[in-house]
Number of protein chains: 2
Amino acid sequence: MNNPCGQHQHPHRLIQQPLDELTDRLRRHSRRVTGPRQAILDVLRRHQTPMSNRDIHAALGQGCDLATVYRNLHTLEGVGLVRRFDLGDGAARFELVTPEDDGHHHHLVCTRCSLVVEIDDCFPPEFEQSLAQRHRFARISHRLEFFGVCSRCEAGESRPGPVEA
Amino acid sequence: MNNPCGQHQHPHRLIQQPLDELTDRLRRHSRRVTGPRQAILDVLRRHQTPMSNRDIHAALGQGCDLATVYRNLHTLEGVGLVRRFDLGDGAARFELVTPEDDGHHHHLVCTRCSLVVEIDDCFPPEFEQSLAQRHRFARISHRLEFFGVCSRCEAGESRPGPVEA
DNA sequence: CGGTTCTTGCAACCCGTTTGCAATCATGTG
DNA sequence: CACATGATTGCAAACGGGTTGCAAGAACCG
């Protein structure tokens, strides 16, 4: 993988975590292991790209209420099992986080068909640190997403729906 | 200004553009110069940090309907007079764009008091280009914003309201 | 000045998300 | 292993940002 500007890379979750391991992590945070939670974690386990609340609810097929999905994703995020992403279309997306990985990575989104590619590289941490120092900001972090048109869409074969203007 | 990683900088609007110049640009795009539009441009002229539709509407003080603000910011964005930013709190923000500058820059946002600092540096374009090539994406762009806690909030003196979780 | 076309205000509406409430369930304890 | 208890769920109503249909009201062209 190319590495312009010497940026570091975030090795991230390609391995599927066992469901038990996930629910154990819930228990460790004194959260109850309920049907909806297991179902949600199971759905996320099987997906490599970020899913919206609606996506998850749909994948659950009437398994639980949409409000429950929302509430649980908050909970899971708070506990660190899941990471929230904002791909610019007004709906939050979530991905499972592995214990080794903090889930920090970015995405390349096709503005035509919504295809999402996981991106592991990023600019070097010194960049951010320098910014923090210059402006006297503490606990700095960033949000970075890329947008473009994938080769298929560029070739003319649009498929699903667009993401943002 | 520091420049880690040799990233380039976007010199951006610090000069206040005359209102006439702005409305001229409207005319050039065959858009009518109406009261609400002048008022909105005038409000944006006087502000250096991004404003939400609500902010602008409030600053106009019953000057025009909120729906009109929304519609006009779309129009202004389409014409290139204004640039839209997403600071992660679910409300679009806008900044005036100067003719020389494309408005591409980023922000550093305090998650406690919502203070926004304009950031002029960015990673080098080769980074993005390399990404595009590797993944066969065309017309690539990015969205990058930084979050942290400003020195004042870190020191304990919170003022307004928070931005994101 | 008058007509044509773009804009505006208003109100209803859309969509993602949150919340109050009563019923239900997971879990620690005895 | 049954219970008590507090966390969790489902449902429906509410919320906030943003959009839209429509009729009235301007800009602008000639």
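Order of the sequence lines fixes the chain letters, A, B, ..., with proteins taken first and strands second; residue numbering starts at 1 for each chain. Just so it is clear, the values below take in all heavy atoms, side chains as well, and ignore hydrogens, waters and symmetry mates.
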Could you give the [atom1]-to-[atom2] distance, from [X] to [N], as a whole number of Å?
X: B:Gln38; N: D:dC28; atom1: CD; atom2: C1'; result: 14 Å
X: B:Leu73; N: C:dT8; atom1: CG; atom2: P; result: 11 Å
X: A:Gln62; N: D:dT9; atom1: CD; atom2: C1'; result: 13 Å
X: A:His57; N: D:dG10; atom1: NE2; atom2: P; result: 8 Å
X: A:Asn72; N: D:dA7; atom1: CG; atom2: P; result: 15 Å
X: A:Arg54; N: C:dG16; atom1: CZ; atom2: C1'; result: 8 Å
X: A:Leu26; N: D:dT8; atom1: CG; atom2: P; result: 9 Å
X: B:Leu66; N: C:dC10; atom1: CG; atom2: P; result: 12 Å

Report task. Describe, in one word, how the ring planes of B:His107 and B:Phe85 are oriented to each other, choosing from parallel (under 30°), tilted (30 to 60°) and perpendicular (over 60°). Result -> perpendicular
Query raised in the report: Of the candidate nucleotides C:dC10, D:dC11, C:dT8, which contains the atom at the shortest distance from the side chain of A:Asp65?
Result: D:dC11
Requested in this report: Consider the side chain of B:Ala67, meaning its heavy atoms from C-beta on, and name the nucleotide among C:dA11, D:dC11, C:dT17 that approaches it most closely.
Outcome: C:dA11
Report task. For B:Gly90 and for B:Val33, locate the closest nucleotide of DNA chain D by heavy-atom distance; then report the residue assigned to the nucleotide nearer the 5' terminus. Result -> B:Gly90
Does [X] make a side-chain N or O approach to OP1 or OP2 of [N] shorter than 4.0 Å?
X: B:Thr68; N: C:dT7; value: no
X: B:His74; N: D:dG18; value: no
X: B:Arg31; N: C:dC6; value: no
X: B:Arg27; N: D:dC28; value: yes
X: A:Tyr70; N: C:dT18; value: no
X: A:Asn53; N: C:dT18; value: no
X: A:Arg71; N: D:dT9; value: no

Query raised in the report: Between the side chains of A:Ser130 and A:Arg134, does any donor sit under 3.5 Å from an acceptor?
Result: yes
Query raised in the report: Will you find, in the side chains of B:Asp20 and B:Thr23, an N or O donor that is under 3.5 Å from an N or O acceptor?
Result: no
Query - B:Glu154 bridged to A:Arg136 by N-O distance under 4.0 Å - result: no
Report task. Report which part of the nucleic acid A:Ala91 touches: base, sugar-phosphate, or nothing (heavy-atom distance under 4.0 Å, all strands). Result -> sugar-phosphate
Report task. Apply the test side-chain hydrogen bond (donor to acceptor under 3.5 Å, both in side chains) to residues B:His142 and A:Glu145: give CA-CA distance (whole Å), side-chain angles for both, the deciding distance (0.1 Å), then the verdict. Result -> CA-CA 6 Å; B:His142 65 268; A:Glu145 306 295 351; over 6 Å; no
Report summary line: Nearest-nucleotide check on DNA chain C, A:Ser52 vs A:Arg32; residue mapping nearer the 5' end is A:Ser52
